[in-house]
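Only one structure is covered here, and it is reproduced in the block below.
Below, chains carry the letters A, B, ... as their sequence lines are ordered, and counting in each starts from 1. Because the structure is predicted, anything quoted here is derived from the model rather than measured.
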Amino acid sequence: MIDPKLLRTSADEVASNLARRNFQFDGEGYANLDCRRKALQVEVENLRSERNASAKRIGKAKSQGEDIAPLLAAVEDLGAKLEDADKNLGILQSELRNIELGLPNLLHDDVPVGTNEDDNREILRWGEPRKFDFEPLDHVDIGVGLGTLDFDAAARISGSRFSVMQGSLARLQRALIQFMLDTHAGEHGYEEVYVPYLVQSEALFGTGQLPKFENDQFKTIDDPPFYLIPTAEVPVTNLVRDSIIEATELPMKFVAHTPCFRSEAGSYGRDTRGMIRQHQFEKVELVQMVEPANSNAALEELTGHAEVILQKLGLPYRKIILCSGDIGFGSHKTYDLEVWLPGQQAYREISSCSNYVDFQARRMQARWRNPETGKPELLHTLNGSGVAAGRALVAILENYQEADGSVTVPAALLPYMGGAEKLMRKT
RNA sequence: GGAGAGAUGGCUGAGUGGUCGAAAGCGGCGGUUUGCUAAACCGUUGUACAGUAUAAAGCUGUACCGAGGGUUCGAAUCCCUCUCUCUCCGCCA
């Protein structure tokens, strides 16, 4: 959510910033609504004030044994007037709120203007894509060839966009997750947390998936429904919902491994092969809550932490900054890390690191106490994948494949693989 | 799933229809005393929105006693629904 004060006082700047996203903000319409809201609010508060005063008068008169009938007559129609005005105020307020909840975040000046992912800007490349002396396979052929990846079984159980992993490949995923958690918790100063995978709608409103992206979520038929988390960002960021954090507690840095569930509505036909785009996948997520002054630096740091994972795994990648047409709804600035996939001869997203500034904090009323002012102020939230385990698995299979169909285990994962140095065909 | 108890400010806890944003204690902050610490004493102490004024501070109003609804001129207090916590029983990884 954008600061409503800013929407009122600087509508033009807001509109031109959001126009970079190709989003039209009707500042005049908003201002008109808000004007009416203010007038009504004043009216309602005056009526209430009047009611409170006369209630007090009646109480006093009654305790002194005076006749209260004339006083009662005087406030006869007050209740109906108040109820009516209050109802209209409620309607206006929810209209305003719907507008506010539907506005994407303001963009950082660094964000390049563009219309789609083709306009994202590359910042750096790390690692040299390996030269193969044989034709490299994609992860599906490698995994199926090893007898450790079974999409037929997955389809029988759950349909498309699911996978079944067996044996060494399942173990490799577990090793990856362990390795990532250990690195972030042990070397990067994050606190490991375990969180619910089913959340209430309020949590998704807080991080910005609702109300706009209802269709992307899985939800249960309970009343009220539970939503399956699309990312650990949702439960972890909501750890600070409705709270005031002392300055000494900041920055807060959390790392969590969770499964992620996405309906992938609207992506029919994209990445239908293999494990790239699944309804369910594992991810290690980094979340930070920081003082506003530090959030830009924190984004660089957090992105660096995700990069360390790829570097330790020896996976070539590039870092890009998302353009205004591709950046997420709530993000102020986003770096994506894209890992090299020899099977696709392409860099593919494996991590997305974003600074949300106060966008999520305002929605969830997450604040800190600024020692300079002594007042509670909104804090800044950031998150990034550190990294997506499913896609990291894909990258390892493709980058570490050998001519005989086996896959070498990256050195960083050896301590987690129980002595296995290679993934070999099951005998 | 069954039975019962509860939810009040940073914390403990009083408050069963009116002057209650809410006693008291603890904690926090400021001060007095003090060689330092401690103790004692005095003062102060929530959040949000709106109005008004300003260089700032402020002042005024409204809302908030788990959430939502109801009764009433008036609700922390009465009624209804829900959520959560605790205890006991049952079931269970």
Taking atom [atom1] in both [N] and [M], what distance in whole Å separates the two?
N: B:A24; M: B:U81; atom1: C1'; answer: 35 Å
N: B:G21; M: B:A57; atom1: C1'; answer: 23 Å
N: B:A7; M: B:C78; atom1: P; answer: 11 Å
N: B:G1; M: B:C91; atom1: C1'; answer: 8 Å
N: B:C29; M: B:G35; atom1: P; answer: 23 Å
N: B:U45; M: B:G25; atom1: C1'; answer: 15 Å
N: B:G46; M: B:C41; atom1: C1'; answer: 26 Å
N: B:U83; M: B:G90; atom1: C1'; answer: 23 Å

When you measure from the side chain of [X], which nucleotide among [options] comes out closest?
X: A:Glu45; options: B:C49, B:G18, B:U47; value: B:C49
X: A:Arg367; options: B:G18, B:A50, B:U47; value: B:U47
X: A:Ala55; options: B:U47, B:G18, B:A50; value: B:G18
X: A:Lys38; options: B:G18, B:A48, B:G51; value: B:G51

Pairing nucleotide - [N], Watson-Crick or G-U, each distance under 3.5 Å:
N: B:G17; answer: none
N: B:U72; answer: none
N: B:G1; answer: B:C89
N: B:G27; answer: B:U45
N: B:A22; answer: none
N: B:A38; answer: none
N: B:U83; answer: B:A7
N: B:A57; answer: none

Inset, instruction - Considering just the side-chain nitrogens and oxygens of A:Arg51, establish if one lies under 4.0 Å of OP1 or OP2 belonging to B:A63. - result: yes
Inset, instruction - Check the side chains of A:Asn98 and A:Ser94 for a donor-acceptor pair under 3.5 angstrom, ignoring hydrogens and angles. - result: no
Across the strands shown, which category fits [X] at heavy-atom distances under 4.0 angstrom: base, sugar-phosphate, nothing?
X: A:Arg57; answer: nothing
X: A:Arg362; answer: nothing
X: A:Lys60; answer: nothing
X: A:Ser49; answer: sugar-phosphate
X: A:Asn52; answer: sugar-phosphate

[X] [atom1] - [N] [atom2] separation (whole Å):
X: A:Arg48; N: B:G51; atom1: CZ; atom2: P; value: 16 Å
X: A:Ile244; N: B:G10; atom1: CD1; atom2: P; value: 8 Å
X: A:Leu96; N: B:C49; atom1: CG; atom2: P; value: 14 Å
X: A:Glu43; N: B:G51; atom1: CD; atom2: P; value: 15 Å
X: A:Glu249; N: B:G10; atom1: CD; atom2: C1'; value: 13 Å
X: A:Gln200; N: B:U83; atom1: CD; atom2: P; value: 10 Å
X: A:Gln93; N: B:U62; atom1: CD; atom2: P; value: 17 Å
X: A:Asp77; N: B:U72; atom1: CG; atom2: P; value: 16 Å

Legend entry - Trace of the salt bridge (Lys or Arg N to Asp or Glu O under 4.0 Å) decision for A:Glu301 with A:Lys253: CA-CA 11 Å; A:Glu301 182 201 74; A:Lys253 297 163 70 173; 3.5 Å; yes
Inset, instruction - Return yes if the base of B:G74 and the side-chain atoms of A:Lys56 contain a donor-acceptor N/O pair under 3.5 Å, otherwise no. - result: no
Legend entry - Exceeds 12 heavy-atom contacts within 6.0 angstrom, atom CD of A:Glu187: yes
Inset, instruction - For A:Lys422, look at atom NZ and say whether over 12 heavy atoms of other residues, nucleotides or ligands are found less than 6.0 Å away. - result: yes
Inset, instruction - Identify, between A:Ala53 and A:Lys62, the residue whose nearest nucleotide on RNA chain B lies closer to the 5' end. - result: A:Lys62
Legend entry - Salt-bridge present (A:Arg273, A:Asp141; N to O < 4.0 Å): yes
Legend entry - Under 3.5 Å: donor-acceptor pair, side chain of A:Gln278, backbone of A:Ser163: yes
Legend entry - Test of ring centre spacing under 6.0 Å for A:His380 and A:Phe359: no
Inset, instruction - Give the C-alpha distance, both sets of side-chain angles, the deciding distance and a yes or no for salt bridge (Lys or Arg N to Asp or Glu O under 4.0 Å) between A:Asp34 and A:Arg8. - result: CA-CA 8 Å; A:Asp34 192 56; A:Arg8 267 177 253 155; 2.9 Å; yes
